[in-house]
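In what follows, a single structure is set out as structure tokens and then discussed.
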Number of protein chains: 2
Amino acid sequence: MRGLLGFLVLFLLSKKPMHGQEIANELAKRRGEKPSPGTIYPALKSLKDLGFLSEDKEGKTITYKLTSKGEKALEIAKKRFTRTFLGVIK
Amino acid sequence: MRGLLGFLVLFLLSKKPMHGQEIANELAKRRGEKPSPGTIYPALKSLKDLGFLSEDKEGKTITYKLTSKGEKALEIAKKRFTRTFLGVIK
DNA sequence: CACATTATATTGGATGTCCGATATATATAA
DNA sequence: TTATATATATCGGACATCCAATATAATGTG
């Protein structure tokens, strides 16, 4: 998986399915800067290629959601993340 | 500042001053892998060059601790980190 | 002293991460 | 149809991140 960006995307999609621009806007809120198209779409492609996302295309928008494989990967990544940053967030 | 490694090092040193090997061992607990010398020492040097750390050399061991500038940088980084990963850690 | 151990330091490079620029496709408006 | 806006996609490359290998220095042990 890609680094923390991929992790965040998985996390966001676990809350609710979204298309690329929605994800980018949500990332903008959290990070302060909206990721460029050259960042978000390759990240989505990478997660899709790993089998973590499925697509639902309607017109020009593609809604992504987690596959069960993606859910498992997220749980594992969450555990590692939590252990690594234990105590950092109170 | 370096990425999350530098952030973690600042956080660990805010708990208590440590020397390089202690930091590496603490990182090993959290991440599962001990960072190589080529990772930890450049990271410490970088943080020192930024004025975030001060050194206390005794024999061959160098104990690092946060400067007040480092404490401020840590607080800022913590806020950003918390906002970015809000909800990821329950 | 000779040897091993521990801590620190540096360098070169492999890989990862991400962006800017650009392109394609669909939808909407005039 | 032409123009505009929106969403997705790709490519090249800049930069960051990190490691393996190696080196230096101090300490401990026989």
Side-chain angles (χ1 to χ4, degrees), chain A residues 1-13 16-50 52-65 73 76-77 80-81 84-85 88, chain B residues 1-13 16-50 52-65 73 76-77 80-81 84-85 88:
Chain A
M1 183 178 18
R2 292 175 76 91
L4 290 172
L5 182 69
F7 174 55
L8 260 183
V9 169
L10 279 191
F11 171 73
L12 293 174
L13 287 177
K16 95 177 139 89
M18 287 186 272
H19 58 264
Q21 287 305 308
E22 286 180 299
I23 296 169
N25 289 331
E26 184 62 30
L27 288 170
K29 276 192 226 161
R30 288 172 175 264
R31 307 190 317 164
E33 271 192 352
K34 185 169 178 173
S36 90
T39 298
I40 192 67
Y41 291 108
L44 287 168
K45 182 176 185 339
S46 162
L47 292 169
K48 191 189 69 179
D49 290 348
L50 286 165
F52 294 168
L53 304 182
S54 65
E55 302 184 342
D56 183 7
K57 185 165 183 172
E58 220 162 296
K60 72 186 164 187
T61 69
I62 300 176
T63 299
Y64 297 89
K65 69 164 187 255
I76 292 170
R80 196 174 51 216
F81 182 85
T84 301
F85 294 102
V88 173
Chain B
M1 185 180 15
R2 294 175 75 91
L4 290 172
L5 182 69
F7 174 55
L8 260 182
V9 169
L10 279 192
F11 171 72
L12 293 174
L13 287 177
K16 95 177 138 93
M18 285 186 273
H19 59 263
Q21 286 305 307
E22 284 180 300
I23 297 169
N25 288 331
E26 183 62 29
L27 288 171
K29 276 192 225 161
R30 290 174 173 262
R31 307 189 317 164
E33 270 192 352
K34 185 169 179 173
S36 88
T39 298
I40 193 66
Y41 291 108
L44 287 168
K45 181 176 186 341
S46 161
L47 292 169
K48 191 189 68 179
D49 290 348
L50 287 166
F52 295 166
L53 305 183
S54 66
E55 302 184 342
D56 184 8
K57 186 165 185 173
E58 219 162 295
K60 71 183 163 186
T61 70
I62 299 176
T63 300
Y64 297 89
K65 69 164 185 257
I76 292 170
R80 198 174 50 217
F81 182 86
T84 301
F85 294 102
V88 174

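Lettering of chains follows the sequences in order, A, B, ..., and the numbering in each one begins at 1. Reckoned from all heavy atoms, side chains included, excluding hydrogens, waters and symmetry mates.
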For the side chain of A/P42, counting heavy atoms from C-beta on, which of D/dT10, C/dT10, C/dT8 is nearest? D/dT10
Taken to the nearest whole Å, NZ/A/K34 to P/C/dC18 is 17 Å
Do B/M18 and B/T63 come close enough that some side-chain heavy atom pair is under 4.5 Å? no
B/E55 CD to C/dA7 P, in whole Å, measures 16 Å
Pair B/F11 and A/F85, ring centroids less than 6.0 Å apart: no
B/L5 CG to C/dG16 P, straight-line distance once rounded to whole Å: 17 Å
Without decimals, in angstroms, what is the distance between B/K45 NZ and D/dC18 P? 17 Å
Which value, rounded to the nearest 0.5 Å, describes the distance between B/L53 atom CG and B/S46 atom OG? 9.0 Å
Choosing from D/dA7, C/dA7, C/dT11, which nucleotide comes nearest the side chain of A/Q21? D/dA7
Just the rounded figure in Å: distance from P of C/dT8 to CD1 of B/I40. 10 Å
From CG of B/L47 across to C1' of D/dT17 the rounded distance in Å is 13 Å
Please determine whether the number of non-hydrogen atoms from other residues, nucleotides or ligands lying under 6.0 Å from atom NZ of B/K34 exceeds 12. yes
Rounded distance in Å - OH (A/Y41) to C1' (D/dT8): 5 Å
On the side chain of A/K60, is there an atom forming a donor-acceptor pair with the base of D/dT6 - under 3.5 Å, no angle test? yes
Residue closer to the 5' end of DNA chain C, A/P35 versus A/G59 (nearest nucleotide): A/P35
Measure from the side-chain heavy atoms of B/Y64 and tell me the nearest of C/dA9, C/dT8, D/dT8. C/dA9
Per the salt bridge (Lys or Arg N to Asp or Glu O under 4.0 Å) rule, which among B/K45, B/K65, B/K48 passes with B/E55? B/K48
Interatomic distance where NZ belongs to B/K57 and C1' belongs to D/dT24 [whole Å]: 10 Å
Touch class at under 4.0 angstrom, heavy-atom based, for B/S36 against every strand present: base
